[in-house]
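As a basis for the values below, the full set of heavy atoms in this structure was taken, side chains included, without hydrogen atoms, waters or symmetry mates. Just so you know, these numbers come straight off a predicted model, no measurement behind them. Letters A, B, ... are given to chains in the order of the sequence lines, protein chains preceding strands, and every chain is numbered from 1.
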Protein chains: 2
Amino acid sequence: MSTSGARMTDNDTSQITERKRGSGVKLVYDLLRDEILDLKLAPGSAIDEVQLAARFGMSRTPIREALVRLVGEGLIETLPNRSTMVSNIDFLGMPAYFDALVLMYRVTTRLAAQHHTVNDLIIIRERQAEFSAAVAGQDALEMISTNADFHSAIAAAGRNAYYASFFDRLLGEGRRMLRLYYQSYDDRLPPRYVDEHEEIIAAVEARDVAAADQLGKAHGEQIVEQIGRLLTRNDRLDIDL
Amino acid sequence: MSTSGARMTDNDTSQITERKRGSGVKLVYDLLRDEILDLKLAPGSAIDEVQLAARFGMSRTPIREALVRLVGEGLIETLPNRSTMVSNIDFLGMPAYFDALVLMYRVTTRLAAQHHTVNDLIIIRERQAEFSAAVAGQDALEMISTNADFHSAIAAAGRNAYYASFFDRLLGEGRRMLRLYYQSYDDRLPPRYVDEHEEIIAAVEARDVAAADQLGKAHGEQIVEQIGRLLTRNDRLDIDL
DNA sequence: TGTATTTTTCTTGTCGACAAAGAATATGGA
DNA sequence: TCCATATTCTTTGTCGACAAGAAAAATACA
C-alpha cells in the first residue's frame, strides 16, 4: 500500500451509472493508457486488479481484459502469479528507440507527401491547430498528446497501416519520455515545434517527397537531441557535484 | 521450430492432464497462433469460445484471454457482442505490407552487421540449418516458419527491440501469405533462398553494412516479386477465359 | 539472538453461472 | 403469399466465488 499512492477520490470516475455492455473494457483501457502515458501512474508502480475493479465499479474480468491489452502494448508487465506493474521506461534502449522513431518520422512523412488526399490535409491541419493551442496555453500534457496526434495523422495520410500502427506505438512510448522531459523543464514550451510542423505540412501538401523526408528527419533528430540534453543534465544533477 | 513438445496427435480429444496454473493461456495462444499462421484456420472462419473451451478442457476465461492477445496482434477480429473470426488477409494492403517488409529486411540486416556478437552468429546459423533442413525435406510449413525464425534471429542480433518486434509481426502476417503461395505451388521448394541466406550471414559476419543492406533489400524484393507473380497468375485463373 | 519452518495473507488464475445483444426462427395479419 | 412483429436461440460480456502461488508474518527451535 506504500507504493502507487493512487488517489482515487479526486477523479471523476466514481460516478457509476448504467454502463453499456462491452463499453467497460474500452473505458478502463483508454483511461489507464492515458494515465500511464501521462505518467500519472509512475513507471514501476503496482497495479491492483481488485482496487481497479472497485474504482470503476465493475468486476475484475473486464479490468483484466484491459490489462491484457496493455501488456500486449508493452505498457504493463506481469510477474506470473505475483504482481502487475506499469512498465519501466527503458533508458538503456533509448538509442534503439530514437533510431526507430527517426526512421518512422522520415518514412511516414515521406509517404504522406506521396499519398495524401485533400481530406487528410484537413485533418492534419486540425491536429496542428490543437497542438498550437496547447502550446499557446502552456498545457504540457495536452501539448504532448496533440503532438503525437499530429504525427499520427501524418502517418495515416501515408496510407500504410503497418507503419502507422508501429509509429503509434512508438509515439505512445515517446509520450512518457516527453512527459519526463517537460516535467523537469517546468512545462516550458518547446522551441520551434509549431513552425517545424508547418513546414512539414507545406512539404506534404506540395508533394515534395525529398523535402518531407528531410524535414521528418530533422524534426525527429531535434527531439532526440533535446532529450539527450535532458539526460546528460540529469546525470549531472544525480551525481551532485 | 513451431510447436515443440506435446503436440496433440489426436484431434480434439484431449486427455486433460493436470495443467499448471497460468500455463493455459500460453498453450491456447501458441497453438491458435500457429494454426492461424499456417492457415489451418482459414481466414474469415468463425471462432467459438465454448468450443475451444471444450477442446482444451478449460473454462472460457483463459480462452478469452488468449483471444484478446490475438486480437491485439491483428490475427483475430471481433464484432462486438456478436462474432469472433480469423482475420482476413488484406490483399489490398499488400503493397503497403511489402513496403514495410522490405524496409525491415534492410534495417534489421544492416543493424545485425553492426551490432552482432559471436553468439548471435551461432544462433543465426542454427536457424539457417533448420531452414535448410526444412527445404531439403520439402516440408512447406516448416520451411515457412523456420525462414521467419531465421530473419527474426537476424533482427535480434541488430539489438533494436522495436524493430525486432515490429519485424516479427510482419513476418507472422507473412507466414500466411507465404503459406498461400506454397500451397498453390504444390509445396515446391523456393529457388535460391538458402543461398541468399548464406550470403546474408557472410555479410553480417564481415560487418559489411552496405552489403547487408543491399542483400536484405534484394532478398525482400525477390519475395515480393514472387508473390506478385502468384497473384497475377491467380487473377488469370479466376477470370477463367 | 538468529535462523529455519510453519502459518497467514494477499494477489492472481480459473471456474461455472447468468444476463444482454443480435441473429434466426416462428407467428400473426393483410 | 408476403411483410411486420414476437419469440426462441446462440454467442458474447460480466459477475461472484474459490483455489493456487508466492511473499510476508509468525512461530519454533538451537
Side-chain angles (χ1 to χ4, degrees), chain A residues 1-6 8 13-32 36 41-42 44-87, chain B residues 12 14-32 36 41-42 44-72 74-87:
Chain A
M1 72 160 194
S2 58
T3 57
S4 87
M8 12 192 346
T13 51
S14 44
Q15 31 178 323
I16 304 133
T17 58
E18 282 290 318
R19 223 187 307 278
K20 260 170 272 174
R21 176 189 173 86
S23 72
V25 286
K26 179 168 166 46
L27 196 94
V28 175
Y29 169 81
D30 286 338
L31 192 52
L32 274 187
I36 292 173
L41 289 177
S45 63
I47 291 184
D48 184 1
E49 294 177 3
V50 313
Q51 192 175 321
L52 286 175
R55 174 180 170 193
F56 286 98
M58 58 177 74
S59 138
R60 273 177 53 220
T61 310
I63 304 282
R64 209 143 208 288
E65 185 169 327
L67 292 184
V68 169
R69 278 214 247 168
L70 290 169
V71 168
E73 289 184 42
L75 294 178
I76 277 183
E77 288 169 11
T78 66
L79 283 306
N81 273 319
R82 201 60 209 130
S83 65
T84 309
M85 55 177 241
V86 179
S87 295
Chain B
D12 298 358
S14 49
Q15 307 96 335
I16 304 109
T17 57
E18 281 291 317
R19 224 186 302 278
K20 262 168 273 174
R21 176 188 174 86
S23 72
V25 286
K26 179 168 167 47
L27 197 95
V28 176
Y29 169 81
D30 285 339
L31 192 51
L32 274 187
I36 291 173
L41 289 177
S45 62
I47 290 184
D48 184 2
E49 296 176 2
V50 183
Q51 193 173 322
L52 285 175
R55 174 179 169 193
F56 287 98
M58 58 177 73
S59 139
R60 272 177 54 219
T61 311
I63 304 282
R64 208 141 209 288
E65 185 169 326
L67 293 184
V68 169
R69 278 215 246 168
L70 290 168
V71 169
L75 295 178
I76 278 183
E77 287 168 11
T78 66
L79 283 306
N81 274 319
R82 202 59 211 130
S83 66
T84 309
M85 55 177 240
V86 179
S87 295

Engineer: Send over the distance from A/Asn81 CG to C/dT9 C1', rounded to a whole Å.
Structural biologist: 15 Å

Engineer: Could you check whether B/Ile47 gets within reach of a base, just the sugar-phosphate, or nothing at all, counting any heavy atom under 4.0 Å?
Structural biologist: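 Sugar-phosphate contact only.
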
Engineer: Is B/Glu65 touching bases, backbone alone, or none of the nucleic acid, heavy atoms closer than 4.0 Å?
Structural biologist: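 No contact.
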
Engineer: How do B/Asp48 and A/Met58 order along DNA chain D: which one's closest nucleotide is nearer the 5' end?
Structural biologist: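 Between the two, 5'-proximity favours B/Asp48.
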
Engineer: Evaluate the side-chain proximity of B/Glu77 to B/Val71: yes if any heavy-atom separation is below 4.5 Å, no if none is.
Structural biologist: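 Of all side-chain heavy-atom pairs linking B/Glu77 with B/Val71, none is under 4.5 Å.
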
Engineer: Just to confirm, is there a sub-4.0 Å distance from OP1 or OP2 of D/dC15 to any side-chain nitrogen or oxygen of A/Ser59?
Structural biologist: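 Indeed, a polar side-chain atom of A/Ser59 lies that close.
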
Engineer: Would a 4.5 Å heavy-atom cut-off, applied to side chains only, mark A/Ile76 and A/Met85 as touching?
Structural biologist: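 A/Ile76 vs A/Met85: side chains apart.
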
Engineer: Mind calculating the distance between CD1 (A/Ile76) and P (C/dT12) to the nearest angstrom?
Structural biologist: 11 Å

Engineer: Taking CG from B/Leu67 and C1' from D/dT11, how many angstroms apart are they, rounded to a whole number?
Structural biologist: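 About 13 Å, once rounded to whole Å.
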
Engineer: How many whole angstroms separate atom CZ of A/Arg21 from atom P of C/dA19?
Structural biologist: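 Taking CZ of A/Arg21 and P of C/dA19, I get 12 Å after rounding.
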
Engineer: Rounded to whole angstrom units, what separation is found between the CG atom of B/Leu52 and the C1' atom of D/dT12?
Structural biologist: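 About 14 Å, once rounded to whole Å.
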
Engineer: Could you work out which one of C/dC15, C/dA21, C/dT11 sits closest to the side chain of A/Arg82?
Structural biologist: C/dT11

Engineer: Heavy-atom nearest nucleotide on DNA chain C for B/Ser23 versus B/Arg60: which residue maps closer to 5'?
Structural biologist: B/Ser23

Engineer: Counting distance only, does the side-chain N/O of A/Thr78 pair as donor-acceptor with the main-chain N or O of A/Thr84 below 3.5 Å?
Structural biologist: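 Pair absent, no side-chain N/O of A/Thr78 close to backbone of A/Thr84.
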
Engineer: Can you see if the side chain of B/Thr84 gets near the phosphate of D/dT12 - specifically, an N or O under 4.0 Å from OP1 or OP2?
Structural biologist: yes

Engineer: Starting at the 5' end of DNA chain C, which residue's closest nucleotide do you reach first, B/Pro80 or B/Thr61?
Structural biologist: B/Thr61

Engineer: Given atom CD1 of A/Ile63 and atom P of D/dC15, what is their separation to the nearest angstrom?
Structural biologist: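 Answer to the nearest Å: 9 Å.
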
Engineer: Take the protein atom NZ of B/Lys20 and the nucleotide atom C1' of C/dT14, then report the distance between them rounded to whole Å.
Structural biologist: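 Computing the B/Lys20:NZ to C/dT14:C1' distance gives 17 Å.
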
Engineer: Using atom CE of A/Met85 as one end and atom C1' of C/dC10 as the other, report the distance to the nearest whole Å.
Structural biologist: 18 Å

Engineer: Can a side chain N or O of B/Ser83 be found less than 4.0 Å away from OP1 or OP2 on D/dT12?
Structural biologist: no

Engineer: Looking only at side-chain atoms of B/Val50, point me to the closest of C/dA21, C/dT14, D/dT12.
Structural biologist: D/dT12

